[in-house]
Number of protein chains: 2
Amino acid sequence: MSDGSRTTPAGAGAEDDPLRLDLHLCFDLQNASRAFGDVYRRVLRDTGLTYPQYLVMITLWEHEELPVKRISQLLRLDSGTLSPLLKRMELAGLLTRTRSAADERSVIVRPTAAGSALREKAKGVPAQIHAAAGLSPQEASALQRALRKLAASLDTSLDASGPRP
Amino acid sequence: MSDGSRTTPAGAGAEDDPLRLDLHLCFDLQNASRAFGDVYRRVLRDTGLTYPQYLVMITLWEHEELPVKRISQLLRLDSGTLSPLLKRMELAGLLTRTRSAADERSVIVRPTAAGSALREKAKGVPAQIHAAAGLSPQEASALQRALRKLAASLDTSLDASGPRP
DNA sequence: GGCAAGAAGATTGCCCACAATTCAGTAGTA
DNA sequence: TACTACTGAATTGTGGGCAATCTTCTTGCC
């Protein structure tokens, strides 16, 4: 260090330092997300599902059959994530993947009997999660609104400042 | 399917179905988190840091030197995540890792000159993120409070129902 | 028909997260 | 002093997430 910049702890940790960790909303967000992950891990244990796999099953229980593309849109996951994930779930006997006859590019995903049956086991999951979260329905949906607004704003900012040709 | 259970889309997607995707707070949370990730990726591009690496640098800029254990506590990352991450950052010339003389089990992490210098480049990051989030300071800290309360509640529920010996 | 453009999945490569194990070092104690 | 218990890091193995690339198939247009 030959210049005059101060790199002492006192200087770096000053009260108005915008780089302070505890000012980072994103950190709190990830923390809450991680805490959810811990709870889901425990609650989903006897279904054998991971949290992302649980999300896939929810979409399949809702729609009975879906092309990979649609799952990708619903869960905001790209094929690089979804392909191996679905492959593991197929191997576990939860779903089948078959090329669409109408459009050979498309792969249709359907739950197996075992996959559908799992719905009974998963029925209680949302209630358990809700209890662990300890939020009133009003608080929960207020938080959801805030998060959706936030995500929308962040996405928009990317569209605005970003998409280079 | 030999029993009488209905697995039709209509049955599964009913309006009061607790398994509906859009009722899952956690999904919105992860979405917001992912949106943050996208923005951070772009904003951090010319620092060469990933978001987790940025968090590590923040803690180092604040404290100048830290044992791995302390970083682990501050960022809630375990050694399985932190060890390779710090190794990559050391390889990138951002920090050094040296065994503590006082306690040979402990490894002390310090920023290099290059690592400290990066602080200048990162100075503008929080403001850019804040702008992209589009929240007033009041909204932001309200959201932080809500998220911390949520995370605390989730963590507590784990302590209560979980910790098998 | 034939060709260019685009769409859907899969693959590869890198990084992060977590569980479980291992190893070296420290501390407490008979 | 030896024996044990514990602690801090590192490693191994699995699963997610994303960027970039590739293959195959469809579509549109000449």
Side-chain angles (χ1 to χ4, degrees), chain A residues 26-27 30-31 33-42 44-45 48-56 66-73 75-92 94 97-109 158 162-164, chain B residues 26-27 30-42 44-45 48-56 66-92 94 97-109 158 162-164:
Chain A
C26 184
F27 184 64
Q30 300 229 131
N31 258 341
S33 202
R34 179 199 48 73
F36 256 122
D38 290 345
V39 174
Y40 269 108
R41 234 184 308 286
R42 195 177 293 272
L44 288 175
R45 182 154 305 164
L49 296 171
T50 65
Y51 173 69
Q53 291 171 357
Y54 167 70
L55 292 185
V56 169
L66 287 171
V68 171
K69 173 70 177 177
R70 190 84 190 92
I71 301 180
S72 166
Q73 292 168 338
L75 301 185
R76 293 175 183 265
L77 297 173
D78 72 358
S79 74
T81 301
L82 222 38
S83 284
L85 193 152
L86 292 175
K87 201 185 290 184
R88 280 190 294 272
M89 294 178 74
E90 184 177 36
L91 202 67
L94 297 173
R97 294 183 300 157
T98 56
R99 289 267 158 203
S100 159
D103 184 340
E104 288 281 344
R105 291 170 304 181
S106 177
V107 168
I108 310 296
V109 180
L158 268 190
R164 307 213 193 295
Chain B
C26 184
F27 184 63
Q30 300 228 131
N31 258 340
S33 202
R34 180 199 47 72
F36 256 122
D38 290 344
V39 173
Y40 269 108
R41 236 184 306 286
R42 194 177 294 271
L44 288 175
R45 183 155 302 165
L49 296 171
T50 64
Y51 173 69
Q53 290 171 358
Y54 166 72
L55 291 185
V56 169
L66 288 171
V68 171
K69 173 71 177 174
R70 190 83 191 93
I71 301 180
S72 166
Q73 292 167 339
L74 289 169
L75 303 185
R76 292 175 183 267
L77 296 172
D78 71 358
S79 72
T81 302
L82 221 39
S83 285
L85 193 153
L86 292 174
K87 200 186 291 185
R88 281 190 294 272
M89 294 177 74
E90 183 177 37
L91 202 67
L94 297 173
R97 294 183 302 158
T98 56
R99 289 269 159 199
S100 159
D103 184 341
E104 289 280 343
R105 291 170 302 182
S106 177
V107 169
I108 309 296
V109 180
L158 268 190
R164 308 209 193 299

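Since the model is a prediction, treat every value here as computed from it, not as a measurement. Naming: A, B, ... by sequence-line order, numbering from 1 per chain.
Among the protein residues, A:Thr50 comes within range of the sugar-phosphate backbone only, with heavy atoms under 4.0 Å from sugar or phosphate atoms but none that close to a base. Among the heavy atoms of the strands lying under 4.0 Å from B:Ser106 are primed sugar atoms or P, OP1, OP2 only; no base atom is included. Here B:Thr81 lies in heavy-atom contact (under 4.0 Å) with a base. Contact annotation for B:Arg97: backbone-only contact, meaning every heavy-atom pair under 4.0 Å involves sugar-phosphate atoms and none involves a base. Residue contacts shown for A:Leu77 are limited to sugar-phosphate atoms, with no base heavy atom under 4.0 Å away.
Distance from the side chain of B:Gln53 is smallest for C:dC16 among the nucleotides D:dA10, C:dG9, C:dC16. Taking only side-chain atoms of A:Arg105, from C-beta outward, the nucleotide of C:dG9, D:dT24, C:dG25 with the closest atom is D:dT24. Between C:dA17, D:dA10, C:dG25, one nucleotide has an atom nearer to the side chain of B:Pro52 than all others, and that is C:dA17. When distances run from any side-chain atom of B:Lys87 to the nucleotides D:dG8, C:dG9, D:dT11, the shortest one goes to D:dT11. Picking from D:dT26, C:dC15, D:dG17 the nucleotide with the shortest atom distance to the side chain of B:Gln30 gives D:dG17.
Between the side chain of A:Ser79 and the base of C:dA8 there is no donor-acceptor pair of N/O atoms closer than 3.5 Å. With hydrogens and angles ignored, no donor-acceptor pair under 3.5 angstrom links the side chain of B:Ser83 to the base of D:dA9.
As a whole-Å value, the separation of A:Tyr51 OH from C:dC16 P is 22 Å. For B:Asp78 and D:dG13, the CG to P distance is 17 Å, given to the nearest whole Å. Counting to the nearest Å, the C1' atom of C:dA8 and the CG atom of A:Leu86 are 13 Å from each other. The nearest whole Å value for the distance from the CG atom in B:Leu49 to the P atom in C:dC15 is 13 Å.
In this structure, A:Ser72 contributes its side chain and A:Val68 its backbone to no donor-acceptor pair below 3.5 Å. When atom types are taken as modelled, the side chain of B:Asn31 and the backbone of B:Arg34 share no donor-acceptor pair closer than 3.5 angstrom. Between the side chain of B:Arg99 and the backbone N or O of B:Arg105, at least one donor-acceptor pair lies under 3.5 Å.
Between A:Arg34 and A:Arg99, the residue anchored closer to the 5' end of DNA chain C is A:Arg99, taking for each the nucleotide with the nearest heavy atom. Place B:Arg41 and A:Ala102 on DNA chain D by their nearest nucleotides, and B:Arg41 ends up nearer the 5' end.
At a threshold of 4.0 Å, the pair A:Asp38-A:Arg42 does not count as salt-bridged, since none of the basic side-chain nitrogens sits closer than that to a carboxylate oxygen.
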